[in-house]
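Here's the structure we're looking at; comments come further down.
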Amino acid sequence: MENENIGRYGFCVEPYTEDATGHVSLSFLGNQILRCAGMHATAHGFGYEQLIEQNLVWVLSRLVLTFEDRPKTLEHYTISTWVTKVYRQFTERLFRLEAESGEPMGYGFSIWAAIDYKTRQPIDLEKLPDGGFSSVLLPKDDFPISGAGRVRVKSEEPVYQYRAGFSDLDINGHVNSMRYLEMILNLFSADFHRTHQIRRIELQFCNESYCGDTLLLFREDRNENVCDVEIRKGDAVIVRAEIETAAL
């Protein structure tokens, strides 16, 4: 994967970044994955610092992560990322998680939009200055992860309620995307997490939520390994998610 258009970033699982299973926590790893996306974009001229000068910001629309394993305490690992497609309003970015040995541990697929910071409307990515990032696109080839599917939850009985606070917010004043993941993971007991592995996570970000909002979580189990979750604010769906697990 030696290519100047691929960003490769090395990390170590510090003692304060694991969860109770001894692996790097999913929310911390998710934030690192998004951080790598930002660093790669900045290195190629279309990161936060460059876009905010044009009153633009990146917004994550969908994120799919799959795992064979996750690094444990003090283990080193690498996250690679690159952009594979650009549509008029969306772009696709891929990720690869590797152990220190170079063995793959997981993969990621994401869809992003650039929006006007004031109007909140998406902009035409083909009209970004200097051609945007068309020069760094790489083919998807046989990337071993499927894209986002369709998630619908019909249940009207919430299983969890959360009131968003200041510490949940990102730089744009919205609830951080990985905070939603933490809420979803809390639907499973500690014993379940110790005896099962998260194999696939799909997150669809539909609307924004803010400090003080009351968020309701609804869950439906498809089978013993897959469940669907919706996070709602009133009648608005904020996040749709699919979680696939496997017994250890």
Side-chain angles (χ1 to χ4, degrees), residues 17-21 23-34 59-67 70 106 108-113 115 120 122 146-248:
T17 64
E18 335 97 309
D19 60 20
T21 71
H23 298 83
V24 63
S25 77
L26 282 165
S27 59
F28 186 86
L29 181 58
N31 273 320
Q32 284 188 314
I33 286 171
L34 300 185
V59 174
L60 180 62
S61 175
R62 294 194 178 193
L63 179 66
V64 181
L65 301 174
T66 63
F67 299 101
R70 279 182 286 146
F109 167 89
S110 60
I111 298 177
W112 301 74
I115 66 171
R120 314 305 298 173
S146 58
R150 280 188 167 272
V151 176
R152 291 290 187 274
V153 176
K154 297 179 180 178
S155 174
E156 294 299 327
E157 293 296 327
V159 295
Y160 190 68
Q161 177 174 311
Y162 186 85
R163 185 174 177 82
F166 173 79
S167 62
D168 297 311
L169 306 182
D170 61 19
I171 193 170
N172 297 316
H174 315 139
V175 173
N176 184 288
S177 55
M178 289 303 109
R179 286 289 192 270
Y180 297 121
L181 176 57
E182 291 175 348
M183 297 176 207
I184 293 167
L185 294 175
N186 284 338
L187 298 181
F188 302 88
S189 70
D191 285 341
F192 184 91
H193 282 290
R194 292 188 182 99
T195 57
H196 291 74
Q197 179 184 2
I198 303 293
R199 297 298 302 273
R200 185 177 189 274
I201 302 166
E202 176 180 329
L203 298 168
Q204 302 176 18
F205 302 97
C206 306
N207 287 287
E208 299 164 344
S209 63
Y210 305 89
C211 186
D213 285 346
T214 297
L215 302 174
L216 301 177
L217 279 74
F218 301 80
R219 170 179 172 175
E220 288 182 356
D221 294 335
R222 295 190 201 174
N223 52 54
E224 63 179 357
N225 296 320
V226 181
C227 76
D228 295 331
V229 177
E230 277 190 358
I231 302 178
R232 305 176 193 166
K233 180 178 68 174
D235 294 330
V237 175
I238 305 301
V239 175
R240 290 189 173 100
E242 175 190 300
I243 309 295
E244 178 181 341
T245 64
L248 295 173

Nearest heavy-atom neighbours spanning C206 and R240
SG-NH1, 3.7 Å

If only atom types and distance count, is the side chain of E242 paired as donor or acceptor with the main-chain N or O of V151 below 3.5 Å?
no

Taking every heavy atom of I238 against every heavy atom of E208, the minimum-distance pair comes out as CD1-O, 3.7 Å

Inspect the contact between R222 and D228 and indicate whether a charged nitrogen and a carboxylate oxygen are less than 4.0 angstrom apart.
yes

Spacing of NE2 belonging to H23 relative to CD1 belonging to I198, to within rounding of 0.5 Å
12.0 Å

Residues which pass salt bridge (Lys or Arg N to Asp or Glu O under 4.0 Å) with R152, listed by chain and number, not counting sequence neighbours:
none

Could you walk me through whether F67 and I201 satisfy the side chain to side chain contact (heavy atoms under 4.5 Å, CB included) test, starting with their C-alpha distance in whole Å, then the side-chain angles of each, then the deciding distance to 0.1 Å, before giving a yes or no?
CA-CA 9 Å; F67 299 101; I201 302 166; 4.2 Å; yes

Kindly compute the distance separating CD (E230) from CD1 (I184), expressed to the nearest 0.5 Å.
10.5 Å

How far does CD1 of I231 sit from CG of L181, to the nearest 0.5 angstrom?
9.0 Å

Do you know the tightest heavy-atom contact between R194 and L248?
O-CD1, 3.5 Å

Can you see whether D19 engages T21 through a side-chain donor-acceptor pair at a distance of less than 3.5 angstrom?
yes

Under 3.5 Å, side chain of R70 to main-chain N/O of G106, donor-acceptor pair present?
no

Partner of M178 under side-chain contact (heavy atoms from CB on, under 4.5 Å), chosen from L29, L34, I33
L34

Let me confirm one number: the CG-CE distance from L216 to M183, rounded to the nearest 0.5 Å.
11.0 Å

d(S110 OG, L203 CG) to nearest 0.5 Å is 11.5 Å

For the side chain of N31 and the backbone of F28, is there at least one donor-acceptor N/O pair under 3.5 Å apart?
no

Please lay out, stage by stage, how Y162 and N186 fare under the test side chain to side chain donor-acceptor pair (under 3.5 Å).
CA-CA 11 Å; Y162 186 85; N186 284 338; over 6 Å; no

Nearest heavy atoms of G173 and L169, plus distance in Å
O-CD2, 3.8 Å

Mark yes when over 12 heavy atoms from residues, nucleotides or ligands other than I171 sit less than 6.0 Å from its CD1; otherwise mark no.
no

Does G212 offer a backbone N or O that forms a donor-acceptor pair with the side chain of R163 under 3.5 Å?
yes

Sorted by chain and residue number, the salt bridge (Lys or Arg N to Asp or Glu O under 4.0 Å) partners of E244 (sequence neighbours excluded) come out as none

Search all heavy atoms of F166 against all heavy atoms of C211 and return the closest pair with its distance.
N-SG, 3.6 Å

In terms of heavy-atom contacts, V175 and Y210 come closest through CG2-N, 4.2 Å

Would you say that R232 contacts V153 through its side chain, given a criterion of any heavy-atom pair below 4.5 Å between the two side chains?
yes

Going by side-chain hydrogen bond (donor to acceptor under 3.5 Å, both in side chains), name the residues that satisfy it together with S209, two or more places apart in sequence or in a different chain.
Y180

Measuring from atom CZ of F205 to atom CG of L63, what distance do you get when rounded to the nearest 0.5 angstrom?
6.0 Å

So, R219 side chain and L187 main chain: donor-acceptor pair closer than 3.5 Å or not?
yes

Where the side chain of N225 meets the backbone of A246, is there a donor-acceptor pair that is under 3.5 Å apart?
no

